[in-house]
Amino acid sequence: MKKLQFLLLICILTFAVSCGQQKRYVSYKVQDGETMRDIAKRLDMKTKDLLRLNPDVGRRPDANTVIVIPNPEIKKGVSSSSSENTEDPVITDTESTESESPEKNTETTENIFQQTVYEYETHVVKAGETVYRITKEYNISKDDLIKWNPEYPGIKNNDLSIGQVLKVKATENVITIDREEVLKKFLTHTVKSKETVYSLTRFYNISKEDLIRLNPEYPNIVDNELSIDQLLKIKPIEEVNSDENYTFYKDTIQENTSINLAILLPFKAKEYDSLSARNIFSEKKNKSASLANMVTDFYMGSEMAIDSIKKQGVIVNMNIFDTGNRGNNITSILDEDKLDSADVVIGPFYSNKAEIIARKVSVPVVFPHFSSKQQNFSASKLIKTAPEKDNYTDYLTSFLKDTYNGEEIFIVGDGDSNSNARINKIVRSLKSHDSIKNIHVLKPKDGYIKRERFTKEMNPKKHNWVVITSNNNVAIADALNSMIGLPDDITVQVFAIEKNKAYDKIENNKLASIDFTYVSNSFADDSSTDVKAFNKKYYTKNNTIPSDYAIKGFDITYDVLMRLASGKSLTDTFKDGVSLRLENKFDYRKKVFGSSSNSGLFIVKYNKDLSLSRLK
């Protein structure tokens with residue numbers, strides 16, 4: 001019933017509120033050879049304050065990088081030591097920090113600073129020992145014992161177990177940290193407001209335990225406590241994949257931001273006017289039922305994203321347009337200039353219509369799902385939210401090279417030209433790795449690949465990787481059946497460039513038995529409080545669990561609106577980093593003479609308990 005009401009009302013729904021004001025500050029284009037320290041010195045402010053204004057800019061930015069500085073008209077008397085800088089400042093909109101008076105630069109070296117490190121004496125619980133006895137033995141309070149041992153919540157109720165290793169005494173040591181040395185040896189992250197231990201471990205795909213181990217100077221990480229400007233070590237530099245974008249997009253909202261959003265979807269309200277809700281969404285009664293479900297779910301997810309953004313103080317004026325059957329209404333929408341006031345357009349669903357829209361409007365046009373024709377997009381205003389399929393192959397190959405540790409490698413194809421092209425690309429890339437010398441390429445003979453062709457090359461003393469490049473259902477089933485029936489002394493991990501429908505026909509426990517691993521454009525972390533909250537709210541509102549398209553609608557809409565809420569143009573925010581939403585990653589790259597593409601992907605693995613893990 002809700003879907004029928006939605007379709008009948010969809011063409012007249014408009015959410016409008018007033019526009020906001022913008023604040024103005026000065027942008028400065030970095031000159032060749034300048035460092036942030038040089039610029040801060042001329043501005044009579046601390047380097048850390050300038051870095052705080054520009055959280056995604058390093059200490060040695062490239063020439064022509066545009067950074068934010070305090071407005072010279074407001075800060076009278078700023079001296080300039082550079083006579084070569086003849087370029088006028090550009091006025092832009094950004095977050096306000098004008099009211100803060102930067103402190104005078106001091107002689108202290110900012111790269112050297114001190115931190116307090118806590119070292120703990122431990123006690124192993126023995127039979128008969130109690131919380132009271134241990135606190136008396138070490139002259140500490142019960143509260144201290146609870147605080148130092150959060151992994152043992154039972155202490156609060158005086159519950160102990162034999163063998164537990166308890167921290168029983170803390171010793172403070174002040175150590176000197178060389179920031180430059182840390183930056184050389186580790187991938188690091190400087191904590192910003194509203195960031196959490198969970199958001200950081202999720203973005204960098206590390207465990208909380210690893211974060212604690214690498215940062216003993218911040219013991220409160222154990223209790224999920226972070227402080228702004230903490231410099232956290234994320235990974236040793238040798239473990240960093242150079243192909244991965246580790247710039248974390250930081251959500252910021254400019255005061256009084258107003259966004260005009262246009263959503264173009266094929267609701268086909270006119271065509272469905274005489275149909276009942278049951279028939280509209282019934283595969284038996286409506287040959288376009290799958291599209292009706294897809295479009296409706298996408299919109300419902302978008303609607304929740306808009307509500308969420310508005311609750312954070314952003315003004316969103318939404319206009320919904322029904323593009324009709326095969327986008328037939330788009331011509332009239334354009335002819336009547338209905339998109340002239342939009343700041344961004346989400347939709348349409350059809351790739352050929354998306355190109356038409358993008359060439360007619362002056363704002364970004366967000367194409368909301370994958371199309372095999374999207375690789376031909378050339379309109380500069382178009383933004384592709386789904387990664388290209390070629391990216392999947394590159395992403396998997398990069399992961400294999402990054403994690404290779406002497407495995408025997410098999411590449412399996414079906415003889416098809418597309419499969420052969422992927423094989424050649426993978427083999428060429430893997431062989432560029434210094435340690436990968438031998439790769440077995442297997443293709444069908446007489447229509448299939450015998451299991452013996454695998455086993456005669458597999459070494460029980462080595463772990464074996466099998467990479468399937470085929471999209472053919474029969475070839476995939478053949479290869480998987482060979483892997484599932486291998487001798488017990490042979491270990492194997494099967495990789496797929498993408499988990500297509502052929503893999504859905506294989507039982508999950510069988511996929512788990514071969515450590516099935518694949519590239520995906522989405523990953524659901526069921527432990528996430530955000531995911532749980534969204535699922536609950538969606539179910540309450542729509543009396544059903546969210547589909548993939550509902551989550552896609554939420555993620556795409558939320559990400560676009562949140563980026564625009566920063567006060568920057570949408571494409572300018574692409575330089576500011578990667579964003580992770582409920583299930584989707586947005587890592588956009590803008591071509592100089594073409595459309596923008598998302599390369600946000602995941603490596604996902606089946607675990608023995610049938611759960612899924614994100615490997616990359």
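Hydrogens, waters and symmetry mates are skipped; everything else that's a heavy atom, side chains included, is used.
- Using a 3.5 Å distance cut-off with no hydrogens or angles, the side chains of D414 and N472 do not pair a donor with an acceptor.
- Y204 and H189 are linked by a side-chain donor-acceptor pair at a separation below 3.5 angstrom, with hydrogens and angles left out of the test.
- A salt bridge (charged side-chain N to carboxylate O under 4.0 Å, His left out) check over residues 415-426, counting only residues at least two apart or in different chains, returns the pairs D394-K425.
- A 6.0 Å sphere centred on NZ of K208 holds more than 12 heavy atoms belonging to other residues, nucleotides or ligands.
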Hey, can you pull the donor-acceptor pairs under 3.5 Å for the side chains in residues 509-516, sequence neighbours left out?
from: S513; atom 1: OG; to: K510; atom 2: O; distance (Å): 2.6
from: D515; atom 1: OD1; to: K608; atom 2: NZ; distance (Å): 3.2

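- In summary, the side chains of S207 and D210 do present a donor paired with an acceptor at a separation below 3.5 Å, with no hydrogens or angles considered.
- Taking both residues in full, the closest heavy atoms of K384 and E388 are given as NZ-OE2, 2.7 Å, listed atom of the first, atom of the second, then distance.
- Sequence neighbours left out, the pairs with a member in residues 458-470 that pass salt bridge (charged side-chain N to carboxylate O under 4.0 Å, His left out) are E408-K462.
- The two atoms that bring G413 and I423 nearest to each other are CA-CD1, 3.7 Å, heavy atoms only.
- By the salt bridge (Lys or Arg N to Asp or Glu O under 4.0 Å) test, K381 is found to be paired with no residue, residues two or more places apart in sequence or in another chain being considered.
- Residues that satisfy the salt bridge (Lys or Arg N to Asp or Glu O under 4.0 Å) test with D504, not counting sequence neighbours, are K499.
- Evaluation of the salt bridge (charged side-chain N to carboxylate O under 4.0 Å, His left out) test over residues 355-366, restricted to residues two or more places apart or in two chains, returns E355-R359.
- Nearest heavy atom pair, residue F267 against residue D322, reads N-OD1, 3.1 Å.
- Note that OG1 of T296 and CD1 of I280 are 8.0 Å apart. Values are rounded to the nearest 0.5 Å.
- In this structure, a donor-acceptor pair under 3.5 Å is present between the side chains of S419 and T469.
- Y272 is listed as a side-chain neighbour of N286, based on a closest heavy-atom distance under 4.5 Å.
- Across all non-hydrogen atoms, the minimal contact from K505 to N473 is NZ-ND2, 3.6 Å.
- In this view, Y558 and Q312 satisfy the side-chain hydrogen bond (donor to acceptor under 3.5 Å, both in side chains) rule, not counting sequence neighbours.
- At least one side-chain heavy atom of F602 sits less than 4.5 Å from a side-chain heavy atom of L580.
- F370 and P387 make their closest contact through CD1-O, 3.7 Å (heavy atoms, listed as atom of the first residue, atom of the second, distance).
- At a threshold of 4.5 Å between non-hydrogen side-chain atoms, the residues V560 and F586 do not count as touching.
- N205 places a side-chain N or O within donor-acceptor distance of the main-chain N or O of R614, the cut-off being under 3.5 Å.
- Here T323 contributes atom OG1 and I330 contributes atom CD1; the two are 5.0 Å apart, rounded to the nearest 0.5 Å.
- Here the OG-CG distance, from S470 to N418, works out to 10.0 Å after rounding to the nearest 0.5 Å.
- The minimum heavy-atom distance linking G415 with P444 is given by the pair N-CD, 4.2 Å.
- Within the structure, every pair that satisfies the salt bridge (charged side-chain N to carboxylate O under 4.0 Å, His left out) test and touches residues 545-560, not counting sequence neighbours, is listed here: D559-R563, D559-R581.
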Checklist entry - Going through the checks in order, is the side-chain contact (heavy atoms from CB on, under 4.5 Å) test met by F349 and S371? => result CA-CA 9 Å; F349 255 40; S371 167; over 6 Å; no
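- No donor-acceptor pair under 3.5 Å is formed between the side chain of K605 and the backbone N or O of T517.
- The shortest distance between side-chain heavy atoms of Y588 and T571 does not fall below 4.5 Å.
- With sequence neighbours excluded, the residues satisfying ring-ring contact (aromatic ring centres under 6.0 Å, His included) with F377 are F367.
- In this structure, the separation between CG on N535 and NZ on K532 is 10.0 Å, given to the nearest 0.5 Å.
- Without hydrogens or angle criteria, K338 side chain to D335 main chain gives no donor-acceptor distance under 3.5 Å.
- Taking the side chain as every heavy atom from C-beta outward, L339 and L264 approach each other to under 4.5 Å.
- For D402, there are no salt bridge (Lys or Arg N to Asp or Glu O under 4.0 Å) partners, not counting sequence neighbours.
- Ring geometry, F454 versus F410: the interplanar angle falls from 30° to 60°, so the pair is classed tilted.
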Item to check | Derivation of the side-chain contact (heavy atoms from CB on, under 4.5 Å) call for R202 and S528 | outcome: CA-CA 9 Å; R202 180 179 181 235; S528 165; 5.6 Å; no
Quiz: residues 479-489 side-chain donor-acceptor pairs under 3.5 angstrom, not counting sequence neighbours:
from: N481; atom 1: ND2; to: A477; atom 2: O; distance (Å): 3.0
from: S482; atom 1: OG; to: D478; atom 2: O; distance (Å): 3.2

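- I234 places none of its side-chain heavy atoms less than 4.5 Å from the side chain of Y246.
- Remark: R278 CZ is loosely packed, at most 12 non-hydrogen atoms of other residues, nucleotides or ligands lying under 6.0 Å away.
- Within the 4.5 Å cutoff, the side chain of F321 has no heavy atoms near those of the N329 side chain.
- In this model, a donor atom of one side chain and an acceptor atom of the other lie less than 3.5 Å apart for S611 and D609.
- Without hydrogens or angle criteria, S199 side chain to E195 main chain gives no donor-acceptor distance under 3.5 Å.
- No donor-acceptor contact under 3.5 angstrom links the side chains of N391 and S599, judged on distance only.
- Between atom CG of residue D587 and atom CG of residue N245 there is a gap of 4.5 Å, rounded to the nearest 0.5 Å.
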Checklist entry - Should S595 and Q374 be marked as a side-chain contact (heavy atoms from CB on, under 4.5 Å) after you check the CA-CA gap, both sets of side-chain angles, and the distance that decides it? => result CA-CA 10 Å; S595 57; Q374 71 176 41; over 6 Å; no
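- With a 6.0 Å radius and a threshold of 12 heavy atoms from other residues, nucleotides or ligands, K537 has its NZ atom above the threshold.
- Counting heavy atoms from C-beta outward, M304 and P546 have side chains that stay 4.5 Å or more apart.
- For the pair K616 and Y395, the cation-pi test (distance below 6.0 Å, angle within 45°) is passed.
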Checklist entry - M562 and I309: side-chain contact (heavy atoms from CB on, under 4.5 Å), yes or no, with the steps? => result CA-CA 7 Å; M562 183 55 79; I309 292 289; 3.8 Å; yes
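- Of the residues listed (F534, Y538, Y299, Y549), the one engaging F554 in a ring pair (Phe, Tyr, Trp, His ring centres under 6.0 Å) is F534, and it is the only one.
- Rounded to the nearest 0.5 angstrom, D251 CG and S579 OG are separated by 7.5 Å.
- N500 places a side-chain N or O within 3.5 Å of a backbone atom of A502 that can act as its donor or acceptor partner.
- Annotation: salt bridge (Lys or Arg N to Asp or Glu O under 4.0 Å) contacts of E498 (sequence neighbours excluded): K389.
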